[in-house]
Amino acid sequence: MTQTFATPDVTTDVYSRVQHFYAHQMQALDSLRFEDYAATFTEDGTFQHSPQAEPARTRAGIVAELVEFHKRFDGDPVQRRHWFTHIALTPQPDGSLASTVYALVVTVRPGGKPEIAPSCVVHDVLEIDEGRVLTRSRLVTHDQMF
Amino acid sequence: MTQTFATPDVTTDVYSRVQHFYAHQMQALDSLRFEDYAATFTEDGTFQHSPQAEPARTRAGIVAELVEFHKRFDGDPVQRRHWFTHIALTPQPDGSLASTVYALVVTVRPGGKPEIAPSCVVHDVLEIDEGRVLTRSRLVTHDQMF
Amino acid sequence: MTQTFATPDVTTDVYSRVQHFYAHQMQALDSLRFEDYAATFTEDGTFQHSPQAEPARTRAGIVAELVEFHKRFDGDPVQRRHWFTHIALTPQPDGSLASTVYALVVTVRPGGKPEIAPSCVVHDVLEIDEGRVLTRSRLVTHDQMF
């Protein structure tokens, strides 16, 4: 075996920006700042929280989808946290970045222990424009459904 | 909606240094090297492990607090690990950095399964002096108590 | 106490490359692309998945070890994910990097909740050659066995 592994070539600057972008993006989501979360997508961005779901389209569409989704927590004082690890980037021919990231959803209720489920993989296409990262599309797959 | 999200402007160099700093800082804590952990704080640093607690002040005070806290594990062969994700930095007017980070405490006993609790958020103020990161203050909030 | 903590001196470029390397390396492992995983080791690399195990040596030996290990999952539709946090690097005199990283193994079966165990620490020696990261040796210790 003579193959040698080479991590796809992404500059340090881009890798770091993507990490920091995700930190703020997901803290916005978990703080229920849905407009801030939607603003991390391109104007025509798409967000598909599971393969069966119809993708939400445009920032306004993403906000509407999140408002609808979170109705299940009405009257339920839940704190959710989306954990990420292993951000693997692959440059695409059009200059965008394919980003594949592991995600765990941590859910906590007052006085309770964290429930850590589901285990997901986030499949993003990211654009970088003048140093600013935006999500063009996001598809979330679920390890429990395979 | 025309708002576009911009991650707060932090250089690649600073973001990477903060990540690496946290790795060594928290491995020091989990290895019970309390003096090394305290040395990651400024001389007058403060450490408040929950909103109800009185903050420990100065490096000597932080060591004393940790020694006291860990007495509950005397005779209990526990290994704790503090997991971090989503380091979100925001530069402050005085040149410091506000850092908001998700944390999960993983606790393991011989032969057992990891207990993963509590889910916390670390609120730090960091100083960077000649490339060296130090914690000026740390407040840890707990998702179970809201 | 006048000691001040200094994170070991590693360039931003190196730290970022190591993070990105781990993301692709571990996604290869969890996707059962064993040859790709083995290719992230040096030609004479060693991989020891627990202190009791004999280390697997060379890329071919690592592939053989992984094939053997995964026989336990034959007919068991399991998805495993190796989570990493706190990558702490320390430059070695020979130019390599000692890397100490926390790891949690997340295991999911169809319709089930993730099982999050064991809690491990990965002890790597990494080589960087013309910007390409490779693992020279890996020893994994387990928190449950101490």
Side-chain angles (χ1 to χ4, degrees), chain B residues 11-31 33-43 58-63 77-85 87 101-104 106-116 129-135, chain C residues 1-23 50-52 81-91 97-107 112-124 126 133 140-146:
Chain B
T11 67
T12 298
D13 188 59
V14 163
Y15 194 69
S16 171
R17 280 178 190 276
V18 169
Q19 292 177 309
H20 200 196
F21 168 80
Y22 279 141
H24 284 278
Q25 180 188 51
M26 299 311 292
Q27 292 193 8
L29 179 60
D30 293 333
S31 301
R33 293 186 281 112
F34 300 148
E35 300 216 349
D36 288 348
Y37 177 78
T40 67
F41 286 73
T42 58
E43 292 276 0
T58 78
R59 291 177 185 162
I62 291 170
V63 170
V78 66
Q79 174 65 61
R80 301 201 324 147
R81 307 254 177 231
H82 290 78
W83 279 66
F84 275 22
T85 199
I87 302 168
V101 188
Y102 292 179
L104 278 172
V106 174
T107 302
V108 188
R109 291 180 172 83
K113 300 249 172 194
E115 179 187 352
I116 303 179
D129 182 21
E130 298 180 9
R132 211 177 49 203
V133 183
L134 290 169
T135 305
Chain C
M1 200 179 322
T2 57
Q3 179 196 5
T4 289
F5 175 77
T7 308
D9 204 20
V10 171
T11 66
T12 297
D13 188 58
V14 163
Y15 194 68
S16 171
R17 281 178 190 274
V18 169
Q19 293 176 309
H20 200 197
F21 168 80
Y22 279 142
S50 66
Q52 302 84 342
R81 307 253 177 233
H82 290 79
W83 279 66
F84 275 23
T85 199
H86 288 321
I87 301 168
L89 303 181
T90 306
L97 294 163
S99 175
T100 306
V101 188
Y102 291 178
L104 278 173
V105 184
V106 175
T107 301
K113 300 249 173 195
E115 178 187 353
I116 302 179
S119 170
C120 301
V121 180
V122 175
H123 307 267
D124 280 351
L126 303 176
V133 183
V140 184
T141 55
H142 294 248
D143 287 336
Q144 290 71 16
M145 311 176 187
F146 65 108

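All values reported here derive from a predicted model rather than from experimental measurement. Reminder, nothing fancy here: chain letters follow the sequence lines and each chain counts from 1.
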Heavy atoms of W83(B) and A103(C) approach each other most closely as CZ2-C, 3.6 Å
Any side-chain heavy-atom pair from L104(C) and V106(B) closer than 4.5 angstrom? yes
Can you tell which part of V121(C) gets under 4.5 Å to a heavy atom of chain B, answering side chain, backbone, both or neither? side chain
Does the side-chain contact (heavy atoms from CB on, under 4.5 Å) test come out yes or no for Q79(B) and S119(C), once each step is laid out? CA-CA 10 Å; Q79(B) 174 65 61; S119(C) 170; over 6 Å; no
Where do A117(C) and P114(B) come nearest, in terms of heavy atoms and distance? CB-CD, 3.5 Å
Report the option among T90(C), I87(C), L89(C), T11(C) that has the most heavy-atom pairs separated by less than 4.5 Å from atoms of chain B. L89(C)
For the side chain of H86(C) and the backbone of Q19(B), is there at least one donor-acceptor N/O pair under 3.5 Å apart? no
At what distance, to the nearest 0.5 angstrom, does CZ of R81(B) lie from CG of D143(C)? 4.0 Å
Does the side chain of D30(B) come within less than 4.5 Å of Y102(C)'s, by heavy atoms? yes
Can a donor-acceptor pair be found, under 3.5 Å and without considering hydrogens, that links the side chain of H20(B) to the backbone of V10(C)? no
Donor-acceptor pair, Q144(C) side chain versus K113(B) backbone, under 3.5 Å? no
Between T85(C) and F84(B), is there a donor-acceptor pair closer than 3.5 Å when you use the side chain of the first and the backbone of the second? yes
